Amino acid sequence: MRWRFVKRLFAGLVPVVALSGCSGRQSILDPAGQDSASLLTLFWVMLAGLVVIWLLINGMMFFFHHLSPRKYDESIARKLIVGGGIVFPTVVIAALLAWGLSMMPDQRAPGDGLRVEIVGEQWWWRVAYWPDGADEPIVSANEIRLPVGRRSTFELSSAAVIHSLWIPALGGKMDMFPGRETFLTLEPTEAGTFRGQCAEFCGASHALMAFEVVTMDPEEFETWLAEEAGPAQSPEGEAAIEGADVFSAQGCGACHTVRGTEAVGQVGPDLTHVGSRMSLGAGILAPTVDNFIAWIDHTGDLKPEVEMPAYDDLPEDDLLALATYLVGLK
């Protein structure tokens with residue numbers, strides 16, 4: 001009987017031990033930023049405090065029910081209930097709360113130059129970089145790149161419904177509201193590629209609203225940002241040139257911008273350097289010719305209720321040419 005009770009007592013700790021082995025580019029237990037490391041420390045300390053409370057309460061139950069099952073004086077019972085069941089948990093939880101709140105100013109420390117404006121769309125991410133002193137933004141989509149060792153400021157908003165930006169490996173989440181601007185600052189400490197996600201249910205394709213985050217050495221980031229600010233690469237090869245003509249003939253420029261061309265649409269994602277991004281369709285596909293063909297031909301099937309229509313009436317040769325052109329936009 002006693003061993004069964006002990007097994008039940010510690011069975012709840014097994015998932016916690018298992019969690020300690022979690023890692024990966026979207027794991028809160030594998031931090032790559034100053035903010036995520038602080039939040040992980042907070043998690044482990046609060047978990048330890050709750051484990052202490054849990055062991056105390058269940059230890060008392062085990063002692064009085066199994067080790068010493070006899071009648072006790074009512075005053076002793078009252079002191080144990082008030083002291084162990086009310087006072088001690090209150091003191092521990094209050095201390096943990098005060099310590100956790102003391103971390104908030106560091107989590108909202110101002111950035112040191114780079115400002116990133118992000119708008120949650122249906123269901124993709126509009127991204128604009130505002131380097132220190134810049135008069136115009138450097139526009140991108142569905143991918144965020146940040147310099148390591150610098151605290152960047154995110155200015156967040158939403159076009160239609162509530163979204164929530166979350167990059168678990170770098171920091172906490174922040175909600176995004178229509179008509180209101182919220183702020184988040186993050187400081188990566190390691191170079192690498194991580195995954196972000198919308199953390200607030202926003203509609204039919206909520207689970208398909210992800211993005212890649214690339215943290216880079218500051219010098220490498222500055223080089224990338226300068227290249228990102230430039231126009232699209234001119235199409236090379238017969239298929240890509242033909243694809244540019246298809247892009248223009250189908251009116252794609254009414255919704256999408258390709259800098260350096262006549263396409264200046266603002267409805268959909270900026271496609272100036274779409275071929276050099278790490279994903280297509282907000283984190284759901286790799287940017288290959290075959291995937292571009294699938295996306296253009298079956299848009300609504302791949303992302304339900306997306307605003308972009310499927311061009312399933314295009315001839316196969318036009319689809320291939322258009323996909324080749326888009327992959328070449330680097």
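What you are looking at is a predicted structure, and each value in this text was computed from that prediction instead of being measured. Counting begins at 1 with the first residue of the sequence.
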So, for [X] and [Y], which heavy atoms are closest and what is the spacing to 0.1 Å?
{"X": "Ser36", "Y": "Gly171", "result": "CB-N, 3.6 Å"}
{"X": "Trp166", "Y": "Gly172", "result": "CD1-C, 3.7 Å"}
{"X": "Ala128", "Y": "Pro137", "result": "CB-CB, 3.8 Å"}
{"X": "Thr182", "Y": "Asp175", "result": "OG1-O, 2.8 Å"}
{"X": "Ala32", "Y": "Phe194", "result": "CB-CZ, 3.3 Å"}

Does the side chain of [X] pick up a donor-acceptor pair with the side chain of [Y] at under 3.5 Å?
{"X": "His163", "Y": "Gln122", "result": "yes"}
{"X": "Thr153", "Y": "Arg115", "result": "no"}
{"X": "Thr257", "Y": "Asp270", "result": "no"}
{"X": "Thr215", "Y": "Glu190", "result": "no"}

Using 0.5 Å steps for rounding, measure from the [atom1] atom of [X] to the [atom2] atom of [Y].
{"X": "Gln34", "Y": "Thr189", "atom1": "CD", "atom2": "OG1", "answer": "8.0 Å"}
{"X": "Leu40", "Y": "Asp30", "atom1": "CG", "atom2": "CG", "answer": "9.0 Å"}
{"X": "Glu307", "Y": "Thr299", "atom1": "CD", "atom2": "OG1", "answer": "12.5 Å"}

Is it the case that one hydrophobic cluster holds both Leu319 and Leu326, taking links as side-chain heavy atoms less than 4.5 Å apart, direct or via other members?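 Yes; tracing contacts between hydrophobic side chains, which count when under 4.5 Å, links both residues.
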Does Arg126 form a salt bridge (Lys or Arg N to Asp or Glu O under 4.0 Å) with Glu121? I'd like the steps, not just the answer. CA-CA 7 Å; Arg126 191 186 299 271; Glu121 303 280 356; 3.0 Å; yes
Ion pair present between [X] and [Y], side-chain N to carboxylate O less than 4.0 angstrom?
{"X": "Asp106", "Y": "Arg151", "result": "no"}
{"X": "Glu222", "Y": "Arg150", "result": "yes"}
{"X": "Lys330", "Y": "Glu236", "result": "no"}

Test Trp224 against Tyr129 for ring pair (Phe, Tyr, Trp, His ring centres under 6.0 Å), laying out the working first. CA-CA 12 Å; Trp224 171 85; Tyr129 300 90; 5.5 Å; yes
Side chain proximity check, [X] to [Y], heavy atoms < 4.5 angstrom:
{"X": "Thr193", "Y": "Glu212", "value": "yes"}
{"X": "Leu285", "Y": "Leu302", "value": "yes"}
{"X": "Met209", "Y": "Cys202", "value": "yes"}
{"X": "Val327", "Y": "Val274", "value": "no"}
{"X": "Trp125", "Y": "Met176", "value": "yes"}
{"X": "Pro168", "Y": "Gln26", "value": "yes"}
{"X": "Thr223", "Y": "Glu219", "value": "no"}
{"X": "Val214", "Y": "Phe221", "value": "no"}

Exceeds 12 heavy-atom contacts within 6.0 angstrom, atom CD of Gln250: yes
Verify side-chain hydrogen bond (donor to acceptor under 3.5 Å, both in side chains) between Thr288 and Asn291, making sure each step is shown before the conclusion. CA-CA 5 Å; Thr288 65; Asn291 285 341; 3.2 Å; yes
Between [X] (side chain) and [Y] (backbone), is there a donor-acceptor pair under 3.5 Å?
{"X": "His256", "Y": "Leu271", "value": "no"}
{"X": "Lys303", "Y": "Trp123", "value": "yes"}
{"X": "Gln197", "Y": "Arg195", "value": "no"}
{"X": "Ser248", "Y": "Asp245", "value": "no"}

So, Phe247 versus Tyr325, ring centres under 6.0 angstrom or not?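 Close enough - the centres of the two rings lie under 6.0 Å apart.
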